Every structure is written in structure tokens, then in C-alpha cells.
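Bear in mind that the values here come from a model prediction, so they are computed numbers and not experimental data. Starting from 1, each residue takes its place in the sequence as its number.
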Amino acid sequence: ILSLLHTHGSFTTHPNSYEMMVGSVLMRCAGHAGRCLPLIAQQTPRSAVRAPFARRCLAQKRCTGGVSTPRGAHIYQRSNWTRCAVGASSAKGSTQLVDEDVGGAAETPSRAGHEQAPQQPRQGPSFQDAVARLQAYWSSKGCAVCLSHNTEVGAGTMNPATYLRVNGPEPWNVVYTEPCIRPDDSRYGENPNRLQRHTQMQVILKPEPGNPQELYLGSLRALGVDTTANDVRFVEDNWESPVLGAWGLGWEVWLNGMEITQFTYFQQAGSRALSDPAVEITYGLERILMALQGVSHFKDIRYTDTVSYGELFMQNEYEMGRYNLDLADVETQRKRFDLYNAEAKRMLEARLPVPAYDHLLKLSHVFNVMDARGAVGVTERQAC
């Protein structure tokens, strides 16, 4: 390593090249129990090690700002409050890069006595752990853990496990994660808070258990949220979806000023009044994890302890954004729309509502792609 540094000593006159070389060496040394960093620091100019590239090789440190909030959860009318942007209400969990001196020989411990500084504890659960905690919590309350649907849906409500099962008098308690595809929300992965594919955690409680808000607050505690130290608000927001012929009374749930959950008492689905209103709880997992982990971009969410959300889904966001906004062939989509529409009607005539509904979901997604491409006018939207 020292030989490599001396060999490339001429790079000291080219800061960018030197930064790349030093950064490369630092990364090669990462597996050697932290012993290489002091040696490199002793043999390299102070200004070079403090260069931007080398600073980015240092560990990030997080600072947590205190938030003064009322105890417990509170209900407020929407008219009394202004919707807050993501992360705007609090500095809690903000991230700072710390400009530290790597130092010369006098400031660096000897090789024999060097000990690595203790790592800062990771903030909040990983995405994977959060899903497991919520599933375990609701399973302990009597919910069946189901799977996501096998075609594109715009929301967890559209999964047959919700939309079809809330009809009828039979008890139905279920929890599942649902990848939600919304072509018009495509931003090529550049918007830190908006994705064309995001993940919802859906809970259905039918019949209404009598204490759904208390159960919901218990689920937040299962995620590690102290509901007495954080500001949890139920803000009146009666939900409706004209496309689904569904509506219900309920609230948005805000955590420190950011909406994280839609909480609804279902009154109607498929344009039919429900004989037994069901409780629907829909968590926005990316938003919740960004808040709990203190990150400002979805790509920085810690998916597991070794994999980031961006590593898993960033390329997908870019490529599907290109397709949804720029490349999807409109005429092809119109043909698919007509085919799915005809097949859905044919299945209804055969009295097979499940495949009919499945084709309706495919039709809905095609319509959303055309809408993202700017191919749906006001007249066409009303006709649909």
C-alpha cells in the first residue's frame, strides 16, 4: 500500500486523480481490521486525505433533534392544519457528513495500540425487518398473512383480498404487503419522495373489532415508535375511490407532520353498501422507513443490514420511468385496453367474477400507462 502511494506521488499535483487513488486504497483496506487507515494517514498529505472523495469514505454520523410533542395520539380536523411536506416538520434523523481530521503521525494512534471507534447504532428497523414486525404483530391479533396480487394494482385496496372480501357478512381479517404501480408517478428515480412502484402494507379487520385505533398504535410501537414521545395525529380525511365505487369514513395518520397511514371504515365497495363495515389500515412503508431511519431519499432506505433500497429498485425506477413517460406505444396500449375490456365482460357473462376482476385490473393499469403518456383526454376519461 505504501509502495502504491509512493509510486503515484506525482498525483499530488492533480487533486482529482489523487482523490480517486486515495479513495481506492481506503476501500481496499476496509477488510483489514481498520489498521490501514492510520498508516495511510501517516504517509499522505493532510490536505489530500481531507479531499471531498476521501471525506465521503468516512462513516456518516446522524444527529437527532428533539421534538416537543403532546403525549399520545390526537384527533384534529383537516381544516385546522396544513399538510406538511415529507421531513419538513422536524430535523429528527437528519444526516450530516462529518469533516474529520484523519491526521498525521502525531494525531493517529500507533498501529499496535489502534482501536476502531465504536460504530453509531443504526437508526430504526430495516425495511425487511419492518415488514416482518408488522406481519408478526397483526398475525398475533388474528390476521391471516396473505401475499400480494399477481398483476399490477394502483393500491393495496385493489387486491382481491380487500376489494372482493369486504363484501358479504363473513368475518375476514388479513394483512399483506402490496407493491403499488402508478405510472403517472414515474420520476426516473430522481424525486426523493415519489416512486412509480411503492409498497403498501394492508390490513383488513372485518367486522370492526371495537378498538382499531388502539391496535394501530400498538403496531407503531412494534415498529419502535414511541407514541408518547412522537406526535401521532388522526386527521379527518374521508376516503373515496370512484373507480372502485368505494368510500369510507376515516383519517390520515400523521407521524411528526408526515402522512404515513390511511385509516378507513369501509362503507361501500363495488357501489354496494357493506352489510358489515370493515376497517382498512394502509401503511406507506417507504415513508415510514424514511422517517424511522432518518434518510431524505428513498434510495437510502436500509432494506437489510447489507442492501439498500436503491440497490434493489433504483434501476427499476429509471427504466420503468422511461417506459411509462417516454416509450410506451399508445396504439398498442389502446388495443390492450380493448382486449382486456372485452375479456372482462365475457367473464362476467360466464358468471366468473374473479377472472373478470383480474382483467379489470389489467385494463386499469393500461389506462394509467396511457394517462402517463398524455394520451387520455377529459372526454375519454369520463367515458371510462
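Using cut-offs of 30° and 60° on the angle between ring planes, the pair Tyr265 and Trp251 is perpendicular. Ring geometry, Tyr318 versus Tyr188: the interplanar angle falls from 30° to 60°, so the pair is classed tilted.
Here the side chain of Asn316 pairs no donor or acceptor atom with the backbone of Leu312 at under 3.5 angstrom. A donor-acceptor pair under 3.5 Å is formed between the side chain of Asn324 and the backbone N or O of Met320. Judged by distance alone, the side chain of Asn230 and the main-chain N or O of Asp226 form a donor-acceptor pair under 3.5 Å. Checked by atom type and distance alone, the side chain of Asn368 never pairs as donor or acceptor with a backbone atom of Arg182 at under 3.5 Å. Formation of a donor-acceptor pair under 3.5 Å by the Gln293 side chain with backbone atoms of Pro125 is found in this model.
For the pair Lys206 and Asp276, the salt-bridge criterion is not met [side-chain N within less than 4.0 Å of a carboxylate O]. In this structure, Glu331 pairs ionically with Arg334, as a charged nitrogen and a carboxylate oxygen lie closer than 4.0 Å. Ion pairing between a basic and an acidic side chain is recognised when a charged N comes within 4.0 Å of a carboxylate O; Arg233 and Asp231 show such pairing.
Annotation: side chain of Trp247 is not in contact with side chain of Phe266 (no heavy-atom distance under 4.5 Å). For the pair Leu164/Pro353, no side-chain contact is recorded, criterion being any heavy-atom separation below 4.5 Å from C-beta on. Looking at heavy atoms from C-beta onward, Leu244 lies in side-chain contact with Met158 at the 4.5 angstrom threshold. Between Tyr176 and Ser148 there is no side-chain heavy-atom pair separated by less than 4.5 Å. Inter-residue side-chain proximity for Phe298 and Asn193 is flagged as unmet; no heavy-atom pair is nearer than 4.5 Å. When side chains are defined from C-beta on, Val174 does not count as touching Val145, because their heavy atoms never get closer than 4.5 Å. Side-chain contact between Leu249 and Thr264: absent, with no pair of heavy atoms (C-beta onward) separated by less than 4.5 Å. Side-chain atoms of Asn159 and Val153, non-hydrogen and from C-beta on, never get closer than 4.5 Å to each other.
If you check the side chains of Thr227 and Arg221, you find a donor sitting under 3.5 Å from an acceptor. No side-chain donor from either of Asp185 and Gln196 sits under 3.5 Å from a side-chain acceptor of the other. Defined by atom type and a distance below 3.5 Å, a donor-acceptor pair is present between the side-chain atoms of Thr332 and Asp329. Side chain to side chain, Ser364 and Tyr340 fail the donor-acceptor criterion of an N or O pair below 3.5 Å. Judged by distance alone, the side chains of Glu170 and Trp172 never bring a donor and an acceptor atom under 3.5 Å apart.
Closest heavy-atom contact between Gly124 and Arg302: O-NH2, 2.8 Å.
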Would you tabulate the side-chain donor-acceptor contacts of residues 197-204 under 3.5 Å, counting partners in other chains and residues two or more places apart, or write 'none'?
residue: His198; atom: NE2; partner: Gln200; partner atom: NE2; Å: 3.4
residue: Thr199; atom: OG1; partner: Glu286; partner atom: OE2; Å: 2.9
residue: Gln200; atom: OE1; partner: Gly156; partner atom: N; Å: 2.8
residue: Gln202; atom: OE1; partner: Thr282; partner atom: OG1; Å: 2.7
residue: Gln202; atom: NE2; partner: Thr162; partner atom: OG1; Å: 3.3
residue: Gln202; atom: NE2; partner: Glu280; partner atom: OE2; Å: 2.5

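Within the structure, side-chain hydrogen bond (donor to acceptor under 3.5 Å, both in side chains) pairs that include any residue of residues 345-361 comprise His149-Asp358, Glu343-Arg346 (at least two apart or interchain).
Taking the six-membered ring for Trp and the full ring otherwise, Phe263 and Trp239 have centroids separated by 6.0 Å or more. Proximity of the aromatic rings of Tyr283 and Tyr216 is defined here by a centroid distance below 6.0 angstrom, and this criterion is met.
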Run the numbers on Val175 and Leu134 for side chain to side chain contact (heavy atoms under 4.5 Å, CB included), then give the verdict. CA-CA 9 Å; Val175 57; Leu134 287 173; 5.7 Å; no

Can Leu289 and Tyr309 be said to form a side chain to side chain contact (heavy atoms under 4.5 Å, CB included), step by step? CA-CA 11 Å; Leu289 269 298; Tyr309 193 97; over 6 Å; no

Check the pair Gln267, Leu274 against side chain to side chain contact (heavy atoms under 4.5 Å, CB included), reporting the backbone distance first and the verdict last. CA-CA 6 Å; Gln267 307 294 314; Leu274 302 183; over 6 Å; no

Give the intermediate values and the outcome of side chain to side chain contact (heavy atoms under 4.5 Å, CB included) for residues Met258 and Leu255. CA-CA 5 Å; Met258 180 178 68; Leu255 175 64; 5.7 Å; no

